Amino acid sequence: MPRKTVVIFGALNILWMVFAASQAFKIEIFPESKILAQIGDSISLTCSTTGCDSPSFSWRTQIDSPLNGKVINEGTKSTLTLEPVGFAHEHSYLCTATCGHDKQERGVQVDLYSFPEDPEISFSGLLEVGKPVTVTCLVRDVYPFDRLEMHLLKGDHLMKNQEFVEDTDVKALETKSLEVTFTPTNEDIGKTLVCGAKLHIDEIDFKLKEKETTKTLQVYISPRNTVISVNPSKRLQEGGSVTMTCSSEGLPAPQILWSKKLDNGNLQLLSENATLTLIAMRMEDSGIYVCEGVNLAGRDRTQVELIVQAFPSDPKIEMSGLLVEGNPVNVSCKVPDVYPFDRLEIELLKGESIMKKKNFLEDVDNKSLETKSLEMTFIPTTEDTGKVLVCQAKLHIDEMEFEPKQRQSTQTLYVNIAPRDTTISVSPSSILEEGSSVNMTCSSDGLPAPKILWRRQLNNGELQFLSENTTLTLISTKMEDSGIYVCEGINQAGKSRKEVELTIQVAPKDIQLRAIPSESVKEGDTVIISCTCGNVPQTWIILKKKAETGDTVLKSTGGEYTIHKAQLEDAGVYECESKNQVGLQLRSLTLDVKGRENNKDYFSPELLVLYCASSLIIPAIGMIIYFARRANMKGSYSLVEAQKSKV
């Protein structure tokens with residue numbers, strides 16, 4: 001064989017040996033060495049081989065105990081399933097794989113634990129303030145318990161911590177607990193109690209090896225300080241009503257139970273409300289009434305005795321009139337149809353105070369029903385409002401049970417206060433310009449609160465109704481709105497009145513300045529300078545005479561200035577100035593004074609003759625001129641011819 005061929009064959013042989021070595025028979029197991037399983041779970045142990053196409057598998061425990069599991073072989077893989085895991089499975093498991101003459105073995109340790117549930121918190125009884133109670137923290141079905149640690153917290157306070165380190169010879173699930181006794185207080189209400197447990201096994205995930213349970217403390221307070229209030233009284237008249245209210249302290253708030261004690265001592269349940277009301281009571285309603293405050297922590301009881309007394313009829317309270325503060329009033333307490341009245345006692349009370357008391361001790365000769373009364377006079381005050389006036393009648397007869405028979409009537413006092421301190425406020429002012437607005441607000445003290453009435457006083461003195469509102473508003477006022485406005489506070493006890501005068505101011509207008517009888521007079525005449533200003537009240541009128549050297553203010557009366565025997569120097573310009581707080585107006589006139597001629601008659605005799613002569617001569621001259629002109633026109637002039645022509 002050639003040398004080259006030998007070398008190639010040797011190389012191939014080496015490669016085959018390397019390949020065969022790489023494909024040698026091997027066995028693997030999963031998990032590799034140890035598995036920690038919780039009791040009750042399911043686990044699988046898997047054995048697999050390489051380097052053999054058809055291996056055979058077998059499983060056994062190291063101490064040849066039963067497998068207590070199910071084996072499934074699939075080709076080069078064999079699986080041992082343990083379900084559910086229990087103490088019988090806590091062994092070292094061996095997997096044997098055989099391939100021809102070659103056999104290999106691998107093992108895995110199965111360890112167990114049990115920590116299935118959260119801790120439980122329980123109490124030996126209700127948590128009641130001031131009473132010791134034991135709290136228990138419980139962990140069920142734990143294994144191995146020698147690795148267990150437990151603690152108990154109240155709020156941030158560690159109450160107890162315990163490690164269970166005792167040896168365990170027996171494999172079993174055990175329940176371990178931690179107990180603490182404490183006395184709850186009010187400060188514990190709402191606090192959180194924490195029970196924690198930890199299993200010290202490193203292989204367990206943190207969430208699985210630590211568990212805790214929390215519980216909010218519900219602290220109870222047993223019912224106590226149970227009290228009953230009775231209104232109006234524990235002693236009642238037949239036919240009357242009573243309201244009894246019961247209260248009890250505790251946590252949670254106690255439930256209220258009302259019962260009546262029967263003759264045999266048993267309790268008859270009446271109500272589960274805090275208030276028990278009895279109406280139209282009879283004598284058989286007398287007895288002991290029991291109130292109980294009940295909650296989960298206990299119960300507390302108190303009782304009250306009601307006495308219902310018989311009497312012919314209730315007393316009657318009568319007043320002589322309305323109760324008005326400061327006004328004396330007569331009050332009487334009448335007891336009708338009473339017998340025997342010599343055993344009768346009548347009391348009149350105001351609140352808790354006895355106003356008057358009377359015993360009717362006179363002898364009774366005849367048997368008859370009589371009406372007796374107790375009377376008195378008192379002066380009400382505001383402090384009496386709301387107080388209860390009680391008329392109480394007692395009939396002292398020894399044979400009447402344990403207490404004298406009695407009846408009473410009550411009346412709540414309401415003292416009226418007549419209106420007073422009535423005031424009016426005006427905004428912006430009681431003096432206004434025409435066209436503006438005004439608010440007038442009235443208030444009055446009294447009881448009951450007085451009703452407000454607004455009226456206006458007319459010229460004839462009568463009052464015109466305007467409004468029942470507290471505030472009276474006038475808008476766009478006119479001068480006619482001026483006047484007296486009256487506010488009255490009225491209630492059933494009386495009335496109170498207040499008034500205000502409203503003045504609407506108008507600027508002067510319609511000024512008239514006149515000279516009477518005329519603005520042109522003769523010297524020596526009497527003349528009146530008169531100035532008037534429309535219908536505007538409260539207007540100042542000033543009369544002046546104008547002059548270059550200065551105005552002269554005239555002494556006028558009622559806007560008139562009288563000139564007796566006028567002189568020439570009285571002539572001139574007269575001015576009237578009318579003004580008020582709103583404005584002013586001016587008017588003026590000119591007075592003319594004419595002089596008279598001294599000792600001359602306007603129609604003297606000489607003047608009359610001259611007048612008559614002139615009246616004849618002038619026509620004659622006119623005729624001569626006329627005839628002369630005609631003669632000139634004919635060329636001659638003849639007086640005879642002229643006369644003929646005239647004829």
Side-chain angles (χ1 to χ4, degrees), residues 22-52 54-99 102-119 139-151 162-176 196-212:
S22 64
Q23 295 298 317
F25 180 57
K26 290 183 179 180
I27 183 172
E28 294 179 351
I29 192 167
F30 181 82
E32 293 183 356
S33 61
K34 180 188 288 189
I35 181 172
L36 184 65
Q38 178 156 299
I39 295 175
D41 287 352
S42 174
I43 62 172
S44 295
L45 307 178
T46 302
C47 186
S48 60
T49 64
T50 56
C52 182
S54 300
S56 61
F57 297 94
S58 64
W59 290 86
R60 65 183 177 85
T61 65
Q62 197 169 21
I63 58 174
D64 293 328
S65 298
L67 289 178
N68 295 317
K70 182 179 180 181
V71 177
I72 299 176
N73 296 321
E74 294 179 346
T76 60
K77 184 173 66 173
S78 178
T79 302
L80 172 60
T81 301
L82 307 178
E83 182 180 11
V85 176
F87 289 113
H89 298 118
E90 193 170 25
H91 301 293
S92 177
Y93 286 83
L94 299 175
C95 173
T96 302
T98 304
C99 183
D102 195 359
K103 181 169 65 174
Q104 293 194 21
E105 192 174 67
R106 291 287 188 272
V108 60
Q109 177 66 37
V110 176
D111 290 334
L112 302 179
Y113 79 96
S114 177
F115 198 21
E117 299 176 357
D118 291 338
V139 179
R140 297 183 182 276
D141 300 333
V142 64
Y143 175 82
F145 62 81
D146 59 339
R147 309 281 187 91
L148 180 65
E149 179 182 0
M150 298 176 65
H151 65 267
Q162 183 175 349
E163 295 182 3
F164 298 85
V165 295
E166 62 264 30
D167 294 333
T168 57
D169 297 330
V170 180
K171 293 182 178 181
L173 299 180
E174 294 202 17
T175 297
K176 294 297 182 181
K198 182 177 181 182
L199 202 57
H200 291 278
I201 300 177
D202 295 337
E203 292 83 356
I204 304 179
D205 181 79
F206 175 77
K207 293 182 179 179
L208 298 177
K209 69 181 180 180
E210 289 193 17
K211 298 178 183 292
E212 70 177 23

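Remember, predicted model here, so these are calculated numbers, not experimental data. Start at 1 with the first residue, then count along the sequence.
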Trainee: Give the intermediate values and the outcome of side chain to side chain donor-acceptor pair (under 3.5 Å) for residues His91 and Gln62.
Mentor: CA-CA 7 Å; His91 301 293; Gln62 197 169 21; over 6 Å; no

Trainee: Nearest 0.5 Å, what's the CE-CD distance between Met150 and Glu212?
Mentor: 12.0 Å

Trainee: Could you walk me through whether Lys176 and Glu174 pass the salt bridge (charged side-chain N to carboxylate O under 4.0 Å, His left out) test, one step at a time?
Mentor: CA-CA 6 Å; Lys176 294 297 182 181; Glu174 294 202 17; 3.3 Å; yes

Trainee: Does any non-hydrogen side-chain atom of Val110 lie less than 4.5 Å from one of Leu45?
Mentor: yes

Trainee: Is the shortest side-chain heavy-atom distance between Tyr113 and Leu199 below 4.5 Å?
Mentor: yes

Trainee: Do Pro119 and Lys211 come close enough that some side-chain heavy atom pair is under 4.5 Å?
Mentor: yes

Trainee: Of all the heavy-atom pairs spanning Ala88 and Asn68, show the shortest one and how long it is.
Mentor: CB-ND2, 3.5 Å

Trainee: Hey, what do you get for CD1 (Ile29) to CD (Glu105), rounding to the nearest 0.5 Å?
Mentor: 9.5 Å

Trainee: Are any of the side-chain heavy atoms of Phe145 and Thr175 separated by less than 4.5 Å?
Mentor: no

Trainee: Go through the steps to decide whether Thr76 and Thr50 satisfy the test side-chain contact (heavy atoms from CB on, under 4.5 Å), and finish with yes or no.
Mentor: CA-CA 7 Å; Thr76 60; Thr50 56; over 6 Å; no

Trainee: Please examine the side chains of Ile39 and Leu173, heavy atoms only from C-beta on, and report whether any two atoms are closer than 4.5 Å.
Mentor: yes

Trainee: On a heavy-atom basis, which atom in Ile27 and which in Cys95 lie closest, and how many Å separate them?
Mentor: CD1-O, 3.7 Å

Trainee: How close do Gln109 and Ser92 get, heavy atom to heavy atom, and via which atoms?
Mentor: OE1-CB, 3.2 Å

Trainee: Calculate, to the nearest 0.5 Å, the distance between atoms CG and CD belonging to Asp141 and Gln38 respectively.
Mentor: 10.0 Å

Trainee: If we only count heavy atoms from C-beta on, is the Lys34 to Asp111 side-chain gap below 4.5 Å?
Mentor: yes

Trainee: Testing the 3.5 Å rule here: is there a donor-acceptor pair between the side chains of Asn73 and Ser78?
Mentor: yes

Trainee: Per the side chain to side chain contact (heavy atoms under 4.5 Å, CB included) rule, which among Ser56, Cys52, Pro55 passes with Thr98?
Mentor: Ser56

Trainee: Contact between Lys103 and Phe25 at the side-chain level, heavy atoms closer than 4.5 Å - yes or no?
Mentor: no

Trainee: Testing Gln162, His200, Lys198 for side-chain hydrogen bond (donor to acceptor under 3.5 Å, both in side chains) with Glu149, which one passes?
Mentor: His200

Trainee: Would you say the side-chain atoms of Tyr143 and Glu90 include a donor-acceptor pair closer than 3.5 Å?
Mentor: yes

Trainee: So, taking the atom named OG in Ser44 and the one named CD1 in Ile72, what distance separates them when rounded to the nearest 0.5 Å?
Mentor: 8.5 Å

Trainee: Restricting to non-hydrogen atoms, name the atom on Phe57 and the atom on Thr49 that form the minimum distance, rounded to 0.1 Å.
Mentor: CE2-CG2, 3.6 Å

Trainee: Measure the spacing between SG of Cys47 and CD of Glu28 and express it to the nearest 0.5 Å.
Mentor: 9.0 Å

Trainee: Val108 and Pro31: which non-hydrogen atoms are nearest, and at how many Å?
Mentor: CG2-O, 3.5 Å

Trainee: So, do Ser48 and Phe30 sit near enough that their side-chain heavy atoms are less than 4.5 Å apart?
Mentor: no

Trainee: Work out which heavy atom in Ser42 is nearest to a heavy atom in Thr81; give both atom names and the distance.
Mentor: OG-CG2, 4.1 Å

